[in-house]
Amino acid sequence: MTFDEYLTQKKINPDQFRAGEPARYAEWQAEFSQMHPESFTAQKKFLINDIRRKYNNR
């Protein structure tokens with residue numbers, strides 16, 4: 001699973017997130033590539049909710 005697929009699954013628009021917060025996107029992408037998606041979700045749970053509200057993928 002790619003990071004963009006993960007974001008889409010979490011109802012986050014990857015293009016808007018990348019454009020709106022490129023530094024955070026790059027940081028999260030690097031971290032995601034080094035751990036299991038469930039571990040990433042557990043680590044970033046509350047932050048993911050904030051990002052979802054900002055860059056909703058509907």
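Note that the coordinates shown come from a computational prediction; the quantities given were computed from them, not determined experimentally.
The two atoms that bring F3 and Q29 nearest to each other are CD2-CB, 3.7 Å, heavy atoms only. Heavy atoms only, all atoms of each residue included: I51 and R24 are closest at CD1-NH1, 3.3 Å.
Within the structure, every pair that satisfies the salt bridge (charged side-chain N to carboxylate O under 4.0 Å, His left out) test and touches residues 36-48, not counting sequence neighbours, is listed here: E31-K44.
Panel note: side chain S39, backbone M35; no donor-acceptor pair is recorded below 3.5 Å.
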From CA spacing to verdict: side chain to side chain contact (heavy atoms under 4.5 Å, CB included), I48, I12: CA-CA 9 Å; I48 288 171; I12 298 170; 4.0 Å; yes

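With contacts defined as side-chain heavy-atom distances shorter than 4.5 Å, the pair K54/F17 does not qualify. Side-chain contact between L7 and N13: absent, with no pair of heavy atoms (C-beta onward) separated by less than 4.5 Å. Using a 4.5 Å cut-off on side-chain heavy atoms (C-beta onward), T41 and K10 make contact.
Taken from CG in L47 to CZ in R52, the straight-line distance is 12.0 Å, to the nearest 0.5 Å. Taken from NZ in K11 to CG in N49, the straight-line distance is 11.5 Å, to the nearest 0.5 Å.
Between the side chains of Y25 and D4, a donor-acceptor pair is found at a separation under 3.5 Å.
Under the rule for a ring-ring contact (aromatic ring centres under 6.0 Å, His included), the partners of Y6 that lie at least two apart in sequence or sit in another chain are F32, F40.
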